[in-house]
Participant: 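Submitted below is the structure of interest, expressed as structure tokens.
Please read these numbers as outputs of a predicted model, since none were measured by experiment. Every heavy atom of this structure was used, including side-chain atoms; hydrogens, water molecules and symmetry mates were not. When a ligand or atom number is given, it counts from 1 through the structure's own listing order.
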Amino acid sequence: MSANPTILQSHNLKKYILETNVYPREAETLKELRNATASYPMGFMGTAPDAGQLMALLLKLLNAKKTLEVGVFTGYSLLLTALTIPNDGKIIAMDPDRKAYEMGLPFIKKAGVEHKIDFIESPALPGSNKESFDFAFVDADKDNYWNYHERLLKLVKIGGLIIYDNTLWGGSVVWAEEDVPAPKRKFRQAALAFNKAIADDSRVEISVVSIGDGFTICKRAH
Ligand code: SAM
Ligand code: CA
């Protein structure tokens, strides 16, 4: 059973999806990275493999070549992206936590895709490279998602995609405030505000997908 967060309440159904359609098609190096991450501190932060499968499908549909990732951790979504984009594709990946990135690096090297990755050991907010990205994945500090959104709308091409992860925050977006454990409240409020704001944002076409911990998929419309 995956340790990654999921809002799907039926564990049997989750297990069924993973065992039938996700694990059999998951690259060996990704599987190894996922297993190694499970025993790493905060290992549950890795992207859920079923959500990763959707992300890979979208990257392929888009023919994405140049992507941006904010929030790398041990690199599950990074390796997945690197395995999916073409051999001359590029990912700019930002995270202040180099130690976690280096934990996953041997799996990236083993997969032969390190040359596609430009890891920047720094907190994001991306600055230059106007309108040059096909795709961006945001999985970092949740209370900055709207700041990322405003900047990414300048960095991602028209027609490009941005995926925001954890937008349903463990399902807590529909809980009463007093039922939410205190440490989760701040990011729950951030998710509520982000979800409301994105619904009103005519610059993007959106779909909120109840996979993993909630994916908000945005296509830049203009
Ligand atoms: N996408 C990753 C994966 O598939 O394993 C999981 C990312 S984890 C949920 C969140 C990461 O965001 C952490 O590694 C943390 O260091 C990073 N982070 C926090 N604040 C950040 C910031 N301002 N800029 C970039 N990364 C940040
Ligand atoms: Ca996440």
Side-chain angles (χ1 to χ4, degrees), residues 2-8 22 26-27 29-56 58-59 67-84 91-108 111 113 117-127 133 135-152 155 162-173 183-184 186-188 190-191 194-195 208-217:
S2 164
N4 311 95
T6 177
I7 57 154
L8 183 58
V22 179
E26 189 183 35
T29 44
L30 266 180
K31 213 180 283 293
E32 289 170 11
L33 171 56
R34 181 166 54 73
N35 288 334
T37 300
S39 52
Y40 190 80
M42 310 272 283
F44 60 86
M45 291 206 300
T47 299
D50 49 339
Q53 192 176 55
L54 172 63
M55 191 160 119
L58 292 169
L59 283 162
T67 81
L68 189 60
E69 177 162 307
V70 184
V72 170
F73 188 46
T74 62
Y76 188 89
S77 52
L78 181 61
L79 175 55
L80 175 115
T81 306
L83 286 168
T84 307
I91 311 162
I92 295 183
M94 278 166 289
D95 199 308
D97 186 355
R98 174 176 286 278
K99 203 164 149 245
Y101 171 67
E102 283 180 349
M103 191 243 102
L105 193 52
F107 302 98
I108 291 173
V113 292
I117 297 169
D118 187 358
F119 178 76
I120 301 175
E121 182 187 349
S122 157
L125 284 170
F133 293 93
F135 177 89
F137 182 53
V138 180
D139 187 15
D141 42 342
K142 314 299 169 196
D143 47 349
N144 253 324
Y145 273 23
W146 196 258
N147 294 327
Y148 290 131
H149 186 62
E150 287 297 345
R151 281 164 181 78
L152 286 171
L155 297 174
I162 309 168
I163 297 182
Y164 295 97
D165 195 24
N166 306 95
T167 53
L168 297 175
W169 203 235
S172 68
V173 287
K184 292 198 83 175
K186 186 174 124 188
F187 283 172
R188 172 184 178 264
F194 177 80
N195 293 340
V208 178
V209 184
S210 52
I211 195 166
D213 193 30
F215 254 17
T216 298
I217 304 172

Participant: Does only the side chain of Tyr148 get under 4.0 Å from ligand 1, or the backbone, or both, or neither? Count heavy atoms.
Facilitator: side chain
Participant: Is there a donor-acceptor pair under 3.5 Å between the side chain of Arg188 and the backbone N or O of Ser172?
Facilitator: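 Checked: pair present.
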Participant: Which of the atoms of ligand 1 are close to Ala140, meaning less than 4.0 Å from one of its heavy atoms?
Facilitator: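 Matching atoms, with element in brackets: 12 (O), 18 (N), 21 (C), 26 (N), 27 (C).
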Participant: Nearest N/O/S atom of Asp139 with respect to the Ca ion (ligand 2), by atom name, please.
Facilitator: OD1
Participant: Could you tell me, atom by atom, which parts of ligand 1 come under 4.0 Å of a heavy atom of Met94?
Facilitator: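 Every atom of ligand 1 under 4.0 Å from some heavy atom of Met94: 25 (C), 26 (N).
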Participant: Decide whether Thr74 and Thr37 meet the rule of one side-chain donor and one side-chain acceptor closer than 3.5 Å.
Facilitator: yes
Participant: What do you reckon, does Thr47 have a nitrogen or oxygen under 3.5 Å from a nitrogen or oxygen of ligand 1?
Facilitator: yes
Participant: Which bit of Val72 is near ligand 1, meaning a heavy atom under 4.0 Å away: side chain, backbone, both or neither?
Facilitator: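 Just the backbone.
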Participant: Hey, which atoms in ligand 1 end up nearer than 4.0 Å to a heavy atom of Phe73?
Facilitator: 2 (C), 5 (O), 6 (C), 7 (C), 8 (S), 14 (O)
Participant: As an exercise, identify every atom of ligand 1 less than 4.0 angstrom from a heavy atom of Asp97.
Facilitator: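 So the answer, numbered in order with elements, is 16 (O).
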Participant: At what distance, to the nearest 0.5 angstrom, does CG of Asp50 lie from CZ of Phe215?
Facilitator: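 Spacing of CG (Asp50) from CZ (Phe215) equals 8.5 Å.
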Participant: Between ligand 1 and Asp139, is the shortest N or O to N or O distance under 3.5 Å?
Facilitator: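 N/O-N/O distance below 3.5 Å exists for this pair.
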Participant: Answer yes or no for Pro96: is there a heavy-atom contact with ligand 1 below 4.0 Å?
Facilitator: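 It does, in that a heavy atom of Pro96 comes within the 4.0 Å cut-off of ligand 1.
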Participant: Does Asp141, backbone or side chain, put an N or O under 3.5 Å from an N or O of ligand 1?
Facilitator: yes
Participant: Can you name the N, O or S atom of Asp165 that is closest to the Ca ion (ligand 2)?
Facilitator: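 Atom name returned: OD2.
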Participant: Does Asp141 use its side chain to pair, donor to acceptor, with the backbone of Asn144 at less than 3.5 Å?
Facilitator: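 Answer holds: no.
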Participant: When you compare the side chain of Tyr145 with that of Thr216, does any pair of heavy atoms fall below 4.5 Å?
Facilitator: no
Participant: Answer yes or no: is there a donor N or O on one side and an acceptor on the other, between the side chain of Asp143 and the main chain of Ala190, under 3.5 Å?
Facilitator: no
Participant: Would you give the length of the straight line joining atom OH of Tyr164 to atom NE2 of His149, rounded to the nearest 0.5 angstrom?
Facilitator: 5.0 Å
Participant: Can you measure from CD1 (Ile211) to CD1 (Ile217) and round to the nearest 0.5 angstrom?
Facilitator: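 So the CD1 of Ile211 and the CD1 of Ile217 are separated by 8.5 Å.
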Participant: For the side chain of Lys186 and the backbone of Lys184, is there at least one donor-acceptor N/O pair under 3.5 Å apart?
Facilitator: no
Participant: Could you confirm whether Ser77 has any N/O/S atom lying under 3.0 Å from the Ca ion (ligand 2)?
Facilitator: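 Short answer: no, not a single N, O or S atom is under the cut-off.
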Participant: Ala124 versus ligand 1: do any nitrogen or oxygen atoms come within less than 3.5 Å of each other?
Facilitator: yes
Participant: Determine, considering heavy atoms only, which of Lys99, Arg34, Met45, Glu121 sits nearest to atom 9 (C) of ligand 1.
Facilitator: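 Comparing heavy atoms across Lys99, Arg34, Met45, Glu121, the nearest one to atom 9 (C) of ligand 1 lies in Met45.
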Participant: If you measure from CG on Leu79 to CD1 on Ile108, what distance do you get to the nearest 0.5 Å?
Facilitator: 5.5 Å
Participant: Distance under 4.0 Å to a non-hydrogen atom of Gly71: what atoms of ligand 1 satisfy this?
Facilitator: 1 (N), 2 (C), 7 (C), 11 (C), 12 (O), 26 (N)
